[in-house]
There are 2 protein chains.
Amino acid sequence: MSRPTLVSLARELGVSRQTVSNVLNAPHLVRPSTRQRVQEAIERSGYRPSAVAQALRRKKSSTIAMRMYPTSDGINGAVMDRFLHRVVEQAESMGHRVVLFTAADDRAEIGALRDLIDRDSIDACLLTSTTAGDPRPAELGAAGIAFGAFGRPWGEEDTASHLWADVDGRAGTRAATEHLIDRGYRRVGFIGWPDGPGVGQDRLQGWADIVRERLGVDDPDEWLVRSDDGIVQGSAAATELLRRGCDALVCTSDSFATGAFDVFRGRPDLDGVLPIIGFDDTPVARAIGLSSITQPVEAAATLLVHRLVARATGDDGDTSMPTCRPVGSDGHLLAPVLQLRALAAAPAPALLSRARPDGDVGSGRLLEPTGG
Amino acid sequence: MSRPTLVSLARELGVSRQTVSNVLNAPHLVRPSTRQRVQEAIERSGYRPSAVAQALRRKKSSTIAMRMYPTSDGINGAVMDRFLHRVVEQAESMGHRVVLFTAADDRAEIGALRDLIDRDSIDACLLTSTTAGDPRPAELGAAGIAFGAFGRPWGEEDTASHLWADVDGRAGTRAATEHLIDRGYRRVGFIGWPDGPGVGQDRLQGWADIVRERLGVDDPDEWLVRSDDGIVQGSAAATELLRRGCDALVCTSDSFATGAFDVFRGRPDLDGVLPIIGFDDTPVARAIGLSSITQPVEAAATLLVHRLVARATGDDGDTSMPTCRPVGSDGHLLAPVLQLRALAAAPAPALLSRARPDGDVGSGRLLEPTGG
DNA sequence: ACTAGCGTTTTGATCGTTCCAATTGAACGT
DNA sequence: ACGTTCAATTGGAACGATCAAAACGCTAGT
């Protein structure tokens, strides 16, 4: 009554184990009549090949590893959660499993991955939260470990040769700023993180671009306040920017935006319209009806896993997976989508459609890749 | 230059593979001098046994599976995130891996688990979000699949024989309510979810207990408003409860509390003190300085994984892992901890220590189990 | 001296699959 | 009739470990 194996099935059918194996892995080698007989037996018995034995023989376990970060502030957490969920889904749909591991730092992460490769024969891994000067891509590349990164190789977008996907934050804030201007606001401020390379700078840039371009402002810093992340800090910054005459705000994070939201609501002179746009579209934003910029994390996850697995299984040359704005050799910048809420109820709904960043490659299409 | 194996190492040392194997798995069988020689070779070469080969032979892969739910509202998400993170950490510390999978419903989950057992030889799995009448424990039990549940077997706490851990929500709201009463509030209201068995009822009960007991209220329903979860709903409920004369609130969720928080802040007559306590201690609560009840999810994760793995490896009889209020045969109710924020600044800090629920088995001790 | 016992080490078989080379049998051309 | 070709099928070996039992060398007991 125990689980059937290749041998037990073969014996029962009076064929050799290899024939059964071929029915599954190379059906064209088996005579149609035999194939059918075997196939029926497989279904009847509920036989499923042992992934473990396959892994031992093939030295590939159809597994992807991913590091799990501590639930920092829950803001990043929510995004990572969505990402991880989609990674698992996509991997599953391609017959792969996802294992998690923790690591104290990037160094430890590489060590852990080496171990997973050696001991568990994992096929590939996913990196997240890449930084400028990140040591991981180079090291993994040198070690011959297949990987994809959620996060661009900051500063080396054009030269890095590995697979990566990232969200075009700049395009996001650009779209947000344009949207506010289109709605008639003329003094759009920005609440940003402290100066430094990476995500924060990228998002700020989009706002600065448009403010210069469309409003003809030479020194946008007038309408810029930087601060550590946080709701309270967001309120403070918003108050300050209102003092400086701003009439609308784009924020680096939903925390900022939540704080700002609060300040604006307390001002009856603002007429109940809340021209504030956050970033990341966290659950809180959804809950309080705050407009925000949604990262197409699902798209990123799908893309990365699809490519990684395809590469691992040798399914190259598959063009069914759409790519978005290819940059460098194998990098992908995905356009975020403006999620309008508080503003949506206001008079100019026609503008809603324009809110999508150009290229129009939102998560929509990517979510269901045609290639299974 | 490729990875060393038992055989390659043995040949190099002039001993048999089994001797090397014994050095790792049954050192007492090997003569000390030999053992040392082998051990050195192992370290020098960086040999690590192939988990895949071990899994094939032992029919155990040192792996725990866990279902990943869609990031519903991010409230539950944040809690699950913490749980998952700790599960991975604890599993790792005991030499186990964690694989994730998705499932459309409980039925599919069982199927997926069957598959993981058959194909991947996983050792055990963790269930979360158990409900009243949950079919999973029985089915898994019948299928002989080892599992632990984060969430009690609602309605069968005393009869269910499987391993489970849950948070004593009732004790949490009880402590919260007592705290408010101790601080002088006499009309403590409650915002709860729609009627129904499970978590919501459990949390409500704690409040009702104390209100009856300490305030001598016969019909607490006067100060109770039920609603679907949400910040906006929380605001509405709070407004209503203020109207009914409540002077403090305990809430089933941080969403409710956030909304209520907002309403209270808008009332200058309340003197800036915000006698509101939420549940789950989400990132938002932390960010806006809202008091909340922290679930000891880390403790639950540690406990469950520890027990599961110990059982799988036959390390029974290990009493180093403390258990909290054992109920039924293998169930554990963990006490949540009151996290005071907005109130903490107020005059009566001495009360802070009393805020811990009785039994005083917070996450503190459980977080670092003494056993391995 | 022969055997029993013990500590140490080795050998053979096995887990369930895939890779590789070999085998079979029928159809074909010469 | 015979070698050649090709499709279909087969058995041996290997992946890297563990289990079970056998073999080894030594000492001790009778």
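Lettering of chains follows the sequences in order, A, B, ..., and the numbering in each one begins at 1. Atom set for the values below is all heavy atoms of this structure, side chains included, hydrogens, waters and symmetry mates excluded.
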Please report the distance, rounded to the nearest Å, between [atom1] in [X] and [atom2] in [N].
X      : N      : atom1 : atom2 : value
A:R58  : D:dA14 : CZ    : C1'   : 15 Å
B:R11  : D:dG16 : CZ    : P     : 11 Å
A:R57  : D:dG16 : CZ    : P     : 9 Å
B:K59  : D:dA17 : NZ    : P     : 19 Å
A:L56  : D:dA13 : CG    : P     : 18 Å
B:R17  : D:dA14 : CZ    : C1'   : 13 Å
A:D118 : D:dC15 : CG    : P     : 16 Å
A:Q54  : D:dA17 : CD    : P     : 20 Å

For B:V52, report the nucleic acid contact type (base, sugar-phosphate, nothing); a contact means any heavy atom under 4.0 Å.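 Nothing, no heavy atom under 4.0 Å.
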Pick base, sugar-phosphate or nothing for B:T19, based on heavy-atom distances below 4.0 Å to the nucleic acid.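 Base, at least one base atom sits under 4.0 Å.
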With a 4.5 Å cut-off on side-chain heavy atoms, are B:E109 and B:F101 touching?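 In contact.
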Would you say the side chain of B:D120 lies within less than 4.5 Å of the side chain of B:D115, judging by non-hydrogen atoms?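 They are not in side-chain contact.
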[Y]/[X] salt bridge by N-O under 4.0 Å criterion:
X      : Y      : answer
A:D118 : B:R48  : no
A:D106 : A:R67  : yes
A:D105 : A:R107 : no
A:D81  : A:R86  : no
A:E12  : A:R44  : yes

Would you say [X] reaches [N]'s phosphate, i.e. side-chain N/O to OP1/OP2 under 4.0 Å?
X     : N      : answer
B:S21 : D:dT18 : yes
A:N22 : D:dT9  : no
A:S16 : D:dT10 : yes
B:Q18 : D:dC19 : no

Starting from the 5' end of DNA chain C, give me the residue, B:G14 or A:A53, whose nearest nucleotide shows up first.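 The residue whose closest nucleotide sits nearer the 5' end is B:G14.
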Does any residue of residues 31-46 of chain B have a heavy atom under 4.0 Å from DNA chain D, and if so, which ones, in number order?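 Within this stretch, nothing sits under 4.0 Å of the strand.
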A:T302 (side chain) donor-acceptor with A:E298 (main chain) under 3.5 angstrom: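 Looks like yes, one N/O pair under 3.5 Å.
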When you measure from the side chain of A:R35 to the backbone N and O of A:V30, does any donor-acceptor pair fall under 3.5 Å?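 Side chain of A:R35 to backbone of A:V30, a donor-acceptor pair under 3.5 Å: yes, one is there.
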Give me the first and last nucleotide of DNA chain C, going 5' to 3', that has any atom under 4.0 Å from a heavy atom of chain B.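 Nucleotide range in contact with chain B: C:dT8 to C:dG16.
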